[in-house]
2 protein chains.
Amino acid sequence: MRPRSADKEQAIRTKALQLIREEGLENLSMQKLAKAAEISPRTIYLKYKDKEDLLIRLFIEEVLGAYEAAVLDGFDDMQPFADGVRHIWQNTYCYLTANREAFALMQYGKSSPLLNKAYQERGIREGQFFAPIHRFLTRHAEAGRIRPFPIPVYRALLFAPLFELVNESFERADRHEPPFSEALLGDVCSSLIQSALLP
Amino acid sequence: MRPRSADKEQAIRTKALQLIREEGLENLSMQKLAKAAEISPRTIYLKYKDKEDLLIRLFIEEVLGAYEAAVLDGFDDMQPFADGVRHIWQNTYCYLTANREAFALMQYGKSSPLLNKAYQERGIREGQFFAPIHRFLTRHAEAGRIRPFPIPVYRALLFAPLFELVNESFERADRHEPPFSEALLGDVCSSLIQSALLP
DNA sequence: AATTAGTAAATAAACGTTTACTTATATTTG
DNA sequence: CAAATATAAGTAAACGTTTATTTACTAATT
């Protein structure tokens, strides 16, 4: 039997992310994607059940999977609070600014009902996504070192600004402005750490 | 001559927002919208040049316009820093949790190239959007009361968590969980104010 | 009577997906 | 150890449907 060439599968994913970032999820069509990946439309259907399956797997496997790995790289849930938060900030900022296509699809995850549903189902079913960060926050909360908030509130407080800064840094780059300095990002991160710590 | 009935225009906007929130921007079609608004497709084209024009004006006029008005309601750029930030938090949280359709389209504004472009063009051309908040932050920064950050950084630090909390509160409502208490939201807001203030 | 609001039905183009076919290779066979 | 075969990968072209938009018409009000 004939083996499948792995580069076609990768071409589909890479070009899909590229098209989504450039033209938007709402303008991605299977025929456009096939043309961009230089394959027949049928070939996509050899690897994905339908468009929905493609988008969900692209989102979960290609984007969220790689993002999670990058963010948690070298992270240890036993770290001191400030060190751990700074570690995640560093990883996240580096990964996202270097992977704009992934960031674009992640933003759609907050809008599109399809991706949003996929994200929530994965979050509930596996319960594993970012589990180390969950443990890290729970541990420091129980030790009385940080204000006792629900986990989603820590996420909002400590990490929502980071996403906004990533987005802003893309826009600065588009306008050919200099990037945020490491010192500035460090200052914002420190401010947030301070705001979460109990006196 | 025959006068146009204003309720058809409003039906188009209301149903469009409803459909976008329920099924996503990528699944909104002109024919679906016409059927939902109980009019002929042609009628939409009497009021909007094309689909793009409809979406952009829906976003800018219907959503961002009303949002800006709600957020700035009663806000005074001469307020003390903590009061002003708390005021905006209160306005924003109340408006967005009561207008889920508007929030959904605003989220698309961060993903969709079409809406994103419209947003940035308006931001640059008019330079007026949220000008009072801009003045408010600049004034307190120049007086040396808060850390000297660029404006977009303040936006990230002070308001990105608020959006995340609004989103989270919709998800809690969907899961029939109790809403965030006013005290909790107040605590988070105070933490952020603290993190921006210079010692 | 003049003019614009509004409609039903049609348009061509693009859509997701499938059919009918060809190509390439791992394994079996001579 | 080749040649034959089986099988899945891959393609080109088509399927019926839905898309955005328009044409040709009717309705209502000044």
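Order of the sequence lines fixes the chain letters, A, B, ..., with proteins taken first and strands second; residue numbering starts at 1 for each chain.
- Distance from the side chain of A:L46 is smallest for D:dA9 among the nucleotides C:dG16, C:dC15, D:dA9.
- Set against D:dT11, C:dG16, C:dC15, the side chain of A:T43 has D:dT11 as its closest nucleotide.
- The interatomic distance linking B:L55 (CG) with D:dA20 (C1') rounds to 12 Å, in whole Å.
- For B:F59 and B:Y67, the ring centers are positioned 6.0 Å apart or more.
- Summarising the geometry, the separation between CD on A:E38 and P on D:dG10 is reported as 14 Å, rounded to the nearest angstrom.
- Two rings, from B:F136 and B:F75, have their centers less than 6.0 Å apart.
- For A:H134, the NE2 atom sits in a loose shell: 12 or fewer heavy atoms of surrounding residues, nucleotides or ligands are nearer than 6.0 Å.
- Between A:E61 and A:R13 a salt bridge is recorded (basic side-chain N to carboxylate O distance below 4.0 Å).
- Residue contacts for A:S29: at a heavy-atom cut-off of 4.0 Å it reaches the sugar-phosphate backbone alone, with no base atom in range.
- Within 4.0 Å (heavy atoms only), B:K49 reaches no atom of the nucleic acid at all.
- Within 4.0 Å of B:L33, counting heavy atoms only, lies no atom of the nucleic acid at all.
- Comparing D:dT19, D:dT22, C:dT17 against the side chain of B:Y45 picks out D:dT22 as the nearest.
- A close approach under 4.0 Å does occur between a side-chain nitrogen or oxygen of B:K8 and OP1 or OP2 of C:dT7.
- Closest to the B:R42 side chain, of the nucleotides D:dT11, C:dT7, D:dA20, is C:dT7.
- Contact annotation for A:I44: no contact, since no heavy-atom pair falls under 4.0 Å across all strands.
- Contact between the side-chain N/O atoms of B:K47 and the OP1/OP2 oxygens of C:dG6 is found at a separation under 4.0 Å.
- Looking at the side chain of B:Q31, the nearest of the listed nucleotides C:dT18, D:dT19, D:dT23 is D:dT19.
- Straight-line distance from the CG atom of A:L54 to the P atom of C:dC15: 15 Å, rounded to whole Å.
- Minimum atom distance to the side chain of A:K32 is reached by C:dC15, of the listed D:dT21, C:dA8, C:dC15.
- Side-chain contact, A:Q90 with A:Y95: no donor N or O sits under 3.5 Å from an acceptor N or O.
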